[in-house]
Structures are given as structure tokens and as C-alpha cells.
Amino acid sequence: MKRIAIILICGAVFSLNVNAQLAKWQSGIVKEEFLYEKAPFPSCHSATLVETPTGLVAAYFGGTKERNPDVEIYISRWVDGKWLAPVSAADGVQKDGTRLPTWNPVLYQVPQGELLLFYKIGPKPSEWWGMMKTSKDGGKTWSEALKMPDGYIGPVKNKPTLLSNGNLFAASSKEGNGWKIHFEVTNDNGKTWRTIGPIAGNGINAIQPSILQHGNGKLQILARSQSRAIAESWSTDNGETWSPLAKTSLPNNNSGTDALTMKNGKHVLVYNHVLPPGELAKGPRTPLNVSISKDGKKWFAALILEDSPISQYSYPAVMQTADGMLHFIYTWRREKIKHVVVDPSKLKLKKIKNGVWPGKKGYEAPILTETKNEEP
């Protein structure tokens, strides 16, 4: 009994410390909410968010658990000041009646055009293929599913980026024969595609990149890696060629990230700022952090979206709406999808030195209570 009491007291003290730390890093948050309270599925993951002419639209996959054949792509729409109940937009039912799981939806709103939904079908990431649907009414109804050309999967996790030259870059990656990053490019909104890459790994295995724009054809990607740090690569010719991958100074626990270039030219990165213990590449997916940079090299701590003894808070997406607000959406303990709205003008920035989040000795992962269905 005494041992149990000590454990409970230690847990309570840890929670108080976490809450106190968290409160210092949440300036700028305008709103926090879940997309739903009840859903026809117990587990969800991999959310994406876009602004359409009719309002915000989110997508994510849900089912019994990841990899289960009943996993489908669900849509939530913001209508009249509230999120409508999740609606299935795509599934993995095959022509012969068998089912396969769906994965990693990505939404993209064509300027003055249709809403595109990219997703994958397959038994596992190394064997999935790309699918695409379109909507003319902001995600209310969808076209028939169209299989992408052989070998193409579309944007693997994060939103495509429209360049000034009219090319739409889908930052992508494959996991079958090692982790490799490539780009799938279209200049006609998905009717035809070409591939760039894979880019040189330089000994780094990385997937799920995001694209930042630095002007005059200069691009940067930030990606999840197995190297205990976020990986990066640079291009100076609008993405036609890329430098070999290199590690940044930002730690990461082999979990999904997302990034964007804001309208003011600054860059936002949302990720788990976690240095896994020992030599491990993985660690608990908490906390979930936001950093900001002017040049993509020097990063400043801006926000902690979540930090708790209970993992996971993961697979975030970030976008900026027409009013300038930042919108973050992410997996909350594999049970719900959470949406957080942030006013970037109210964020208080502190420089990140040597990869250590300000005010802490580092984010070496503590012993946490893990949720089930943790993705490999």
C-alpha cells in the first residue's frame, strides 16, 4: 500500500509540474475543441485540415484500430458555428468484396476550384497505393474514387504546396525498401503527374516531409526521421533538385510533423520536441510543440499544444486561414481529433539553444502511460 501511495503522489507531483509548465506556453491560443464527442469508430488518426469557400473541412481515418480492414476516411465539416458529425468519405472495399484499410488522408483546396482528397489503400504502408476524390461543394459530396497512376501515392501525410510557377508539389515518401523522400508534381490539379527524386538520404532514413517557401525558388523540407532529429533538405530551383538530407538541431521521436510558411514569411513547425532515451529512435508522443523561424535554421519555441503523462498527441497538421489565424489539428490519444486555433501575433518566442526547449533540461522521455495502437 505504501508503494502504491508513493507512486500516486509522484504521479500527482509530475502532473502538477507538467500543468504549470504547459500554462506558460499557451499564450495565443484562441480556441480548443474536439471535432466530435461521439463517433462510429473507437480509434482515429492522421488528421488534415483545409479552408474552403464554404468553411473548414477536416479529414482523418477511423476504425477499430490502425491497419484494421474496417478503417475508413471520415470527414468533419464546420457549418453554422459547429462541427458536424463525422461522415465516411472513402473506404477500402475492393471489387471482389474484400476490404483493406485506408490511410493518411490529405485535403487540398484548388484556388477557385474543387476540393481534393488524397488517401491510400493497402494492408500496410510499404504496399499501399494512392487514391483521389474530388468535391464541388466543400466536402459535402464526393466523386467516385480514382486510383492514382501506378507508383504514385500523392502527398503521403502533409498538404501539397502550390509554387509561384504553378506547380503543385506533393511532398511524399515510401517505406518499402528503406525510407526515401520524393515529390509528386502536377500542374493540372492531379490530372497528370511526374516524379522528382528520391532525394539523397545521406545515411538518414526519413519520411513525411513538409515544404517551406523562402522566396526566389528556394524551398526547404522538414521531415520525420529515424535519426532522433528532424531532417531537412534544400532546393534553390523550385524543387527540381535537392540537397542530401541532413539532421537539424531539433529533436524528434520518429513521429509525424507538419510545417508551413505564413503570409508574413515566417515559418511554423508543429512536432513532438522529444529526445528519445538512450540510443532509441522512438519515444512517447508527448509533448506536442510549435516552433517558429525566420530563416528555417534558427528556431524559437512558441507553444506547447499538449503535454501529459498520457501519450499520444501526434500526427499534427497546421494551416493558416484567410483571417491570419493558425489552425492546428492532431490525434488526441488515438481516441479523438483535436482542433486548436492560435493567434500568431500573441505568441511569445524564446530561442531554442542546442535543441533544448527553454526552461527544461531537455525533453528526454519520462516514464509515461502509453495508449494502445501506437503506430510503428
Using side chain to side chain contact (heavy atoms under 4.5 Å, CB included), reason through Leu117 and Ile73 one step at a time and then give a plain yes or no. CA-CA 10 Å; Leu117 169 64; Ile73 304 299; 4.3 Å; yes
Going through the distances and angles, do Asn252 and Asn272 end up as a side chain to side chain contact (heavy atoms under 4.5 Å, CB included)? CA-CA 6 Å; Asn252 183 244; Asn272 297 110; 4.2 Å; yes
Go through the steps for Lys348 and Ser27 under the test side chain to side chain contact (heavy atoms under 4.5 Å, CB included), then give the verdict. CA-CA 7 Å; Lys348 299 176 181 179; Ser27 62; 3.8 Å; yes
Check the pair Phe183, Thr195 against side chain to side chain contact (heavy atoms under 4.5 Å, CB included), reporting the backbone distance first and the verdict last. CA-CA 6 Å; Phe183 304 89; Thr195 300; over 6 Å; no
Would you please test Ser291 and Asn289 for side-chain hydrogen bond (donor to acceptor under 3.5 Å, both in side chains) and show each step? CA-CA 7 Å; Ser291 296; Asn289 307 66; over 6 Å; no
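When all heavy atoms of Ser172 and Glu184 are compared, the closest pair comes out as OG-OE2, 3.9 Å. Shown here for Gly239 and Ser235, the closest heavy-atom pair between the two residues is N-OG, 2.9 Å. The two residues Ala317 and Ala47 make their nearest non-hydrogen contact at CB-O, 3.6 Å. Across all their heavy atoms, Pro86 and Ser76 have their closest contact at CA-OG, 4.1 Å. Contact detail for Ala58 and Leu35: the closest heavy-atom pair is CB-CD1, 3.6 Å. Shortest non-hydrogen contact noted between Lys298 and Ser293 is O-OG, 2.7 Å.
The residue from Arg285, Arg224, Lys157 that alone fulfils the side chain to side chain donor-acceptor pair (under 3.5 Å) condition with Tyr315 is Arg224.
Grouping Ile, Leu, Val, Met, Phe, Trp and Tyr residues whose side-chain heavy atoms lie under 4.5 Å apart, directly or via other members, places Val106 in a hydrophobic cluster with Tyr108, Val110, Leu116, Phe118, Met132, Met148, Tyr152, Leu162, Leu168, Trp193.
Under a cutoff of 6.0 Å and an axis angle of 45°, Lys350 and Trp25 form a cation-pi pair. Both the sub-6.0 Å distance and the 45° axial angle are not jointly satisfied by Lys174 relative to the ring of Trp129. Geometrically, Lys297 engages Trp234 in a cation-pi contact, judged by NZ or CZ lying under 6.0 Å from the ring centre and within 45° of the ring axis.
Proximity of a side-chain donor or acceptor of Lys159 to a complementary backbone N or O of Ala259 within less than 3.5 Å is detected. Ser225 contributes no side-chain N or O that, together with a main-chain N or O of Ile230, makes up a donor-acceptor pair within less than 3.5 Å. Not one N or O on the side chain of Ser43 forms a donor-acceptor pair closer than 3.5 Å with the backbone of Gly63. Formation of a donor-acceptor pair under 3.5 Å by the Glu175 side chain with backbone atoms of Trp179 is not found in this model. The main-chain N or O of Cys44 is never found under 3.5 Å from a side-chain atom of Lys336 such that the two would form a donor-acceptor pair. Remark: side-chain polar atoms of Asn205 are not paired, donor with acceptor, to backbone N or O of Gln226 under 3.5 angstrom. Under the 3.5 Å distance criterion, the side-chain polar atoms of Ser46 are left unmatched by any main-chain donor or acceptor of Tyr60. Checked by atom type and distance alone, the side chain of Ser135 pairs as donor or acceptor with a backbone atom of Thr141 at under 3.5 Å. Within the 3.5 Å criterion, the main-chain N or O of Gly283 finds a donor-acceptor partner in the side chain of Asn253. Side chain of Asn354 to backbone of Val356: no donor-acceptor contact under 3.5 angstrom is found.
Side chains of Val270 and Thr257 form no contact here, defined as non-hydrogen atoms less than 4.5 Å apart. Proximity of His339 to His327: side-chain heavy atoms (C-beta onward) are separated by under 4.5 Å at one or more points. Residues Val30 and Met325 are in side-chain contact: their nearest non-hydrogen atoms beyond the backbone lie under 4.5 Å apart. In this structure the side chain of Trp142 never reaches within 4.5 angstrom of the side chain of Thr134, judged on heavy atoms. Counting only heavy atoms from C-beta outward, the side chains of Val57 and Leu115 approach each other to under 4.5 Å. Taking 4.5 Å as the limit, some side-chain heavy atom of Leu347 sits within range of a side-chain heavy atom of Ile292. By the 4.5 Å heavy-atom criterion applied to side chains, Trp242 and Ile221 are counted as neighbours. In this structure, the side chains of Thr321 and Glu51 come closer than 4.5 Å at one or more pairs of heavy atoms.
A donor-acceptor pair shorter than 3.5 Å can be found between the side chains of Tyr313 and Arg333. When only modelled atom types and interatomic distance are considered, Ser173 and His182 share no side-chain donor-acceptor pair under 3.5 Å. Counted by atom type alone, Ser314 and Ser255 present zero donor-acceptor pairs between their side chains at under 3.5 Å. A donor-acceptor contact under 3.5 angstrom links the side chains of Gln220 and His214, judged on distance only.
Ile211 and Leu326 are members of different hydrophobic clusters when ILVMFWY side chains are connected at heavy-atom separations under 4.5 Å. Criterion: ILVMFWY side-chain heavy atoms under 4.5 Å apart, direct or through other members. Under it, Ile204 and Leu275 are not part of a common hydrophobic cluster. A single hydrophobic cluster is not seen to contain both Leu84 and Ile337; linkage of ILVMFWY side chains at heavy-atom distances under 4.5 Å, directly or through other members, places them apart. Residue Leu245 is not grouped with residue Leu222 when hydrophobic side chains (ILVMFWY) are merged at heavy-atom distances under 4.5 angstrom, including chains of intermediate members.
A salt bridge links Arg334 with Glu66: at least one charged nitrogen is closer than 4.0 Å to a carboxylate oxygen. In this structure, Lys338 does not pair ionically with Glu33, as no charged nitrogen and carboxylate oxygen lie closer than 4.0 Å. Between Lys218 and Asp237, no side-chain nitrogen of the basic residue sits less than 4.0 Å from a carboxylate oxygen of the acidic one, so the salt-bridge criterion is not met. Taking 4.0 Å as the cut-off between side-chain N and carboxylate O, Glu240 and Arg194 count as a salt-bridged pair.
Listed by first and then second residue, the side chain to side chain donor-acceptor pair (under 3.5 Å) pairs that reach into residues 118-127 come to none, sequence neighbours excluded. Contacts classified as salt bridge (charged side-chain N to carboxylate O under 4.0 Å, His left out) and involving residues 91-118 (residues at least two apart or in different chains) are given here: Glu72-Arg99.
The distance from the CE atom of Met319 to the CG atom of Leu49 is 5.0 Å, given to the nearest 0.5 Å.
Residues Trp299 and His267 keep their aromatic ring centres 6.0 Å or farther apart. Ring pair His45/Trp103: centre-to-centre distance not below 6.0 Å. Aromatic pair Phe34/Trp83: ring centres not closer than 6.0 Å.
Trp357 and His273 have perpendicular rings, their planes meeting at more than 60° on a 0 to 90° scale where under 30° would count as parallel.
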